[in-house]
A.B. asks: 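Sending over a structure as structure tokens; questions will come in a sec.
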Amino acid sequence: TWRLESAREVESLLHYKELIPRLEEALGKFSSRDSVEVIQPVRSTVPLQKHNGFLGLMPTYMENDGVLSTKLVCFYNRGAGSTLPSVSATVLLLDPESGHMKAVMDGEAITSMRTAGASEISAKLLMRPGAEVLAILGTGQQALSHYNAFTEMLSFKEVRVWNHRREGAEKFCRSVSGPVTVCGSVEEAVRGADVIVTVTRSTEPVLCGRWVKPGAHVAAVGACRPDWRELDDSLMKEAVVYADSREGAMAESGDVILSGVEVFAELGDVINGIKPAYREKTTVFKSLGMGVEDAVAANLVYEQWKAKAYKL
Ligand SMILES: NC(=O)C1=CN([C@@H]2O[C@H](COP(=O)(O)OP(=O)(O)OC[C@H]3O[C@@H](n4cnc5c(N)ncnc54)[C@H](O)[C@@H]3O)[C@@H](O)[C@H]2O)C=CC1
Ligand SMILES: O=C([O-])C1=[NH+]CCC1
């Protein structure tokens, strides 16, 4: 069994230019609902009540690609004082024929990068052509990976961030290489923005429809429990809503369930040409995270790692 337990090492083997095309292909395969392409149930979740968290189990099998994996992810609704991360994950890659473990790897970088990669795909497909202003709400782990993926793969003239604690936003600005404007309110950050990424730990709406420019694209990444929200009802009702997995969104997304809106399409349906991309309308991509994204990312890490080891 190969063991790759350092997030830094996993991160050094993943690059958006290689990862994103694989994610795009995987999203399309998932939405084809062809069992020789992808079998991926909605994750099973065990509450960790004492610690205000959840363990999610995310198995995936891609028969045609010979990829069998599962991610174990713990995620928490941490109190303000906690210094522990919100998400902690491990990915196991198995040999589908024998069931033996091929590799065990840290899932932190995989989770950060594949989530940002999926959001970048949503923006590429659903934002207005010529989008110039990106706003990021939240300045933690996912904010950083989204900043990196969006500035590397797309081009924005201006990036704004907001955090509920200003120190967090200032620290974020110091940690990235490009220019970023810190905003004092959500409204200030998102007014006139073409693309908005919500990556907070909030369980109540932080983004209101009345502040969002018509035609903007929102990649909504936090609020991954049926009673957690990041977006208000007016935004959900105004927007055309896309998701990574329709079943996942209907089981886990408070923004979808509590607003009562329909998921119009999966990103994979757009990739497969089955559903249109309404670029001119206000669009929301509701991301919950999928095992198939972890499977292709982990398989890419494994390939790169083997290639590097054999070269030594
Ligand atoms: N859709 C997906 O595939 C994934 C979703 N997530 C979710 O994304 C969210 C962000 O994850 P990370 O960046 O890893 O967490 P993090 O803890 O690194 O960052 C969270 C950010 O939210 C801010 N925040 C905390 N409480 C808040 C509140 N009440 N209102 C507004 N902002 C608040 C924090 O200051 C911080 O900037 C979490 O909800 C997590 O569960 C995480 C991984 C994958
Ligand atoms: O897909 C994922 O890994 C997660 N989604 C929400 C928290 C972790």
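Both ligands and their constituent atoms are indexed starting at 1 by order of listing.
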A.B. asks: At a non-hydrogen distance cut-off of under 4.0 Å, which region of Pro85 contacts ligand 1 (side chain, backbone, both, or neither)?
C.D. replies: neither
A.B. asks: Taking 4.0 angstrom as the limit, do Arg33 and Glu266 come out as a salt bridge?
C.D. replies: yes
A.B. asks: Below the 3.5 angstrom mark, is there an N/O of Gln141, backbone or side chain, next to an N/O of ligand 1?
C.D. replies: yes
A.B. asks: Show which residues join Trp228 in its hydrophobic cluster (side-chain heavy-atom contacts under 4.5 Å, direct or indirect), or state none.
C.D. replies: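 Grouped by the 4.5 Å side-chain rule, Phe54, Met58, Val73, Phe75, Val87 form the rest of the cluster around Trp228.
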A.B. asks: Can an N or O of Arg201 be found at a distance shorter than 3.5 Å from an N or O of ligand 1?
C.D. replies: yes
A.B. asks: Contacts table for ligand 2: protein N or O within a distance under 3.5 Å of ligand N or O, distances only.
C.D. replies:
unit_1: ligand 2; atom_1: 1 (O); unit_2: Arg43; atom_2: NH1; d: 3.0
unit_1: ligand 2; atom_1: 1 (O); unit_2: Arg114; atom_2: NH1; d: 3.3
unit_1: ligand 2; atom_1: 1 (O); unit_2: Arg114; atom_2: NH2; d: 2.8
unit_1: ligand 2; atom_1: 1 (O); unit_2: Leu288; atom_2: O; d: 3.4
unit_1: ligand 2; atom_1: 3 (O); unit_2: Lys71; atom_2: NZ; d: 2.6
unit_1: ligand 2; atom_1: 3 (O); unit_2: Arg114; atom_2: NH2; d: 3.3
unit_1: ligand 2; atom_1: 5 (N); unit_2: Arg43; atom_2: NH1; d: 3.4
unit_1: ligand 2; atom_1: 5 (N); unit_2: Leu288; atom_2: O; d: 3.0

A.B. asks: Could you check His164, Glu230, Gln142 and say which one makes a side-chain hydrogen bond (donor to acceptor under 3.5 Å, both in side chains) with Thr200?
C.D. replies: Glu230
A.B. asks: Establish, from distance only, whether the side-chain atoms of Thr282 and Lys213 form a donor-acceptor pair under 3.5 Å.
C.D. replies: no
A.B. asks: Could you identify the single nearest non-hydrogen protein atom to atom 13 (O) of ligand 1 and state the distance to 0.1 Å?
C.D. replies: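 Nearest protein contact, heavy atoms only, for atom 13 (O) of ligand 1 is Gln142 N, 2.8 Å.
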A.B. asks: Identify the closest protein heavy atom to atom 19 (O) of ligand 1: which residue and atom is it, and at what distance?
C.D. replies: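 Minimum-distance protein heavy atom for atom 19 (O) of ligand 1 reads Gly140 CA, 3.4 Å.
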A.B. asks: Between Thr139 and ligand 1, which part of the residue brings a heavy atom under 4.0 Å of the ligand: side chain, backbone, both or neither?
C.D. replies: both
A.B. asks: Output all residues satisfying side-chain hydrogen bond (donor to acceptor under 3.5 Å, both in side chains) with Glu252, sequence neighbours left out; order by chain, then residue number.
C.D. replies: Arg43
A.B. asks: Can you find an N or O of Val221 that's nearer than 3.5 Å to an N or O of ligand 1?
C.D. replies: yes
A.B. asks: Would you tell me whether Asp34 and Ser32 have side-chain atoms, one donor and one acceptor, within less than 3.5 Å of each other?
C.D. replies: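 Looking only at side-chain atoms, Ser32 and Asp34 do not form any donor-acceptor pair under 3.5 Å.
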A.B. asks: Check whether any N or O atom of Thr200, backbone or side chain, sits under 3.5 Å from an N or O atom of ligand 1, and answer yes or no.
C.D. replies: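 Yes, since at least one N or O of Thr200 sits under 3.5 Å from an N or O of ligand 1.
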A.B. asks: Does one side chain, of Ser98 or Asp95, offer a donor that lies under 3.5 Å from an acceptor on the other?
C.D. replies: yes
A.B. asks: Through direct or indirect side-chain contacts below 4.5 angstrom among Ile, Leu, Val, Met, Phe, Trp and Tyr, which residues connect to Val42?
C.D. replies: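 None, because no other hydrophobic side chain comes under 4.5 Å of this residue.
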A.B. asks: Non-hydrogen atoms of Arg114 versus ligand 1: any pair closer than 4.0 Å?
C.D. replies: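 Checking ligand 1 against Arg114, which is what was asked, there is a heavy-atom contact under 4.0 Å.
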A.B. asks: Please work out whether any backbone atom (N, CA, C, O) or any side-chain heavy atom from C-beta onward of Leu288 is under 4.0 Å from ligand 1, and answer side chain, backbone, both or neither.
C.D. replies: backbone
